[in-house]
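Nothing here was measured: the structure is a model prediction, and the numbers come from that model.
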Amino acid sequence: MCGVVGIVAHQAVNQALYDTLTVLQHRGQDAAGIVTWNEQGLHVRKGNGLVRDVFHQRHMLRLEGNVGMGHVRYPTAGGAQSAEAQPFYVNSPYGICLAHNGNLTNYEELAEHLTVQDRRHLSTHSDSEVLLNVFAHELHTRANGKPTPRQVFGAVAAVHQRCSGGYAVVAMIIGHGIVAFRDPNGIRPLIMGIRSTDAGDEYMVASESVALDILQFKIMRDVQPGETVFIENNGVLHSQEYAGETRHSPCIFEFVYFARPDSIIDNLSVYKARLRMGEQLAGQIVREWPDHDVDVVIPIPDTSRTAAVQVAHHLGVKYREGFIKNRYIGRTFIMPGQEERAKSVRRKLNAIALEFRGKNVLLVDDSIVRGTTSRQIIKLAREAGARKVYFASAAPPVRYPNVYGIDMPAASELIASGRTVEEIRVLIGADRLIYQDLNGLIRSVRHNNSDTREFDTSCFSGEYVTNDVTEEYLRVLESRRNDQAKASRESNQHADDDLSTESGPAAIAI
């Protein structure tokens, strides 16, 4: 999962891009990058780490220009040490920078075709670099002087024909403008906004509406599935819908976990969706367990709070904060290595014993992915004196890999894969375990005024909207992205770092 932003303004955009990346930091904590442009050329700063660590004052002063883009990421294939910071750059045609959120399911095929047929060199194993080169190649075949909106639209349409998967893209054609587009299934989110100034209108595209809010951009609309938006450097906006087949299926896990609650995605409020998740979950608890003996509902901070409040209200029991969170620890299910995730839970949460002692506690979480966090939290609750510990998930069992940009691709590492609810309950150590059903989750996210009629629910249902995800693909993906494979890459990365240190600097930092 990543966060992207692009801005065309009538004033310097460096601070605006920095501020945007800080509010999109929840979408990626391993690497960050900003690219700006003015008449003196391209200005770049990117590196591994949090936004506040990558950008210092001296870097910000160099990021001059009224046009720019930014990116935060965590890697879907490897740990934090192997994060390849974006945006990526190619110099032909015109010079193009690109950053994207998502994952290409036909990466291998595209990479081979690019190198053999299109004769383009790839220097990383990132599908973002593949996307960049596909777009660059298609634009090059249409280039004739200054890039026109028609040429840009044609190039993106060709990208959609060649690329499969989930992707939301922001690109900069150096000296000409910002391009933004979304995959034909609309899996990954992308929204656009406008801000009126005395000098004229300014435009912005970003992964979530909260990025527009903090800069006081007015929401125009979501970029539609397959649509291309081209904002010229002079502030003229062009857009074109995709003429090919589209199927609007936004990722439902954005609403469960990833997106900020104050964001609006595809005209759906993340906060209200999570409120309804709590209502639906409470109804399911009552149906399955009408004579429950729950004394108190306690959320697993932070994402589940909204749902947990509703669960407590509808069950007619107390709601209490039972865990204090250390906000300087990263998300655990995306951390490389099971042992590291288990250790992180202890560093991340501390129990308030008086809220647990002698009580039957219902813990509410947004979801259960690998089960490591759930098991450790239940153990913390028992150590704090809870008489019984029940556990409820606001999402259904995560039984299948996500292949569209969320780092849970290895089915063997998903606790619900191939197991019954009772088997999962035993493994995490709960006295009772209740999952939201998929229909309840869909009802929670979708409301009557929404045009969205379906979602990508692949991690719950195993149904992949791109229709190209085979058992063989999943086996290969798992062999490359399980914890053991990640650990091996981390070891190799450290070895490469040691070698480059011994032989001299491998590259000049920018």
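Relative ring orientation between H160 and Y242 is described as perpendicular, the plane-to-plane angle rising above 60° on a 0-90° scale split at 30° and 60°. In this pair, F55 and Y18 present their aromatic rings perpendicular. The plane angle is above 60°, beyond the 30 to 60° band.
The closest side-chain heavy-atom distance from N233 to W37 is below 4.5 Å. The shortest distance between side-chain heavy atoms of Y404 and V469 falls below 4.5 Å. The closest side-chain heavy-atom distance from V403 to S458 is not below 4.5 Å. Residues L268 and H447 have side chains in contact (heavy-atom distance under 4.5 Å, counting atoms from C-beta outward). With contacts defined as side-chain heavy-atom distances shorter than 4.5 Å, the pair Q240/P149 does not qualify. Taking the side chain as every heavy atom from C-beta outward, I7 and L215 approach each other to under 4.5 Å. Residues R247 and N467 are in side-chain contact: their nearest non-hydrogen atoms beyond the backbone lie under 4.5 Å apart. Side-chain atoms of I191 and E208, non-hydrogen and from C-beta on, never get closer than 4.5 Å to each other.
A side-chain donor-acceptor contact under 3.5 Å links H113 and R162. Defined by atom type and a distance below 3.5 Å, a donor-acceptor pair is present between the side-chain atoms of D266 and H248. If you check the side chains of S128 and H100, you find a donor sitting under 3.5 Å from an acceptor. A donor and an acceptor atom, one from each side chain of H10 and E202, are nowhere located under 3.5 Å apart. When only modelled atom types and interatomic distance are considered, N234 and E232 share no side-chain donor-acceptor pair under 3.5 Å. A donor atom on one side chain and an acceptor atom on the other are not found under 3.5 Å apart for Y107 and E129.
With rounding to the nearest 0.5 angstrom, the CG atom of D456 is 10.0 Å from the CD atom of E463. Separating the OH atom in Y464 from the OH atom in Y473 is a distance of 9.5 Å, to the nearest 0.5 Å. Between the CD atom in Q29 and the CG atom in L50 there is a gap of 6.0 Å [rounded to 0.5 Å].
In this structure a side-chain-to-backbone donor-acceptor pair under 3.5 Å is missing from T457 to F460. Counting only distance, with no hydrogens or angles, the side chain of S209 and the backbone of S263 share no donor-acceptor pair below 3.5 Å. The closest donor-acceptor contact from the side chain of R45 to the backbone of V54 lies under 3.5 Å. Distance alone, capped at 3.5 Å, places no donor-acceptor pair between the E112 side chain and the T115 backbone. Between the T36 side chain and the E64 main chain, a donor and an acceptor come within less than 3.5 Å of each other. Looking at D366, its side chain never comes within 3.5 Å of a backbone N or O of Y257 through a donor-acceptor pair. Remark: side-chain polar atoms of Y94 are paired, donor with acceptor, to backbone N or O of G145 under 3.5 angstrom. Side chain of E227 to backbone of S239: no donor-acceptor contact under 3.5 angstrom is found. Put simply, the side chain of T105 gets close to the backbone of S164: a donor and an acceptor are under 3.5 Å apart. Proximity of a side-chain donor or acceptor of N101 to a complementary backbone N or O of C2 within less than 3.5 Å is detected.
The residues E254 and R27 are annotated as salt-bridged, a charged nitrogen and a carboxylate oxygen being separated by less than 4.0 angstrom. At a threshold of 4.0 Å, the pair E478-R475 does not count as salt-bridged, since none of the basic side-chain nitrogens sits closer than that to a carboxylate oxygen.
Taking the six-membered ring wherever Trp is involved, the centroid distance between the rings of H56 and H59 falls below 6.0 Å.
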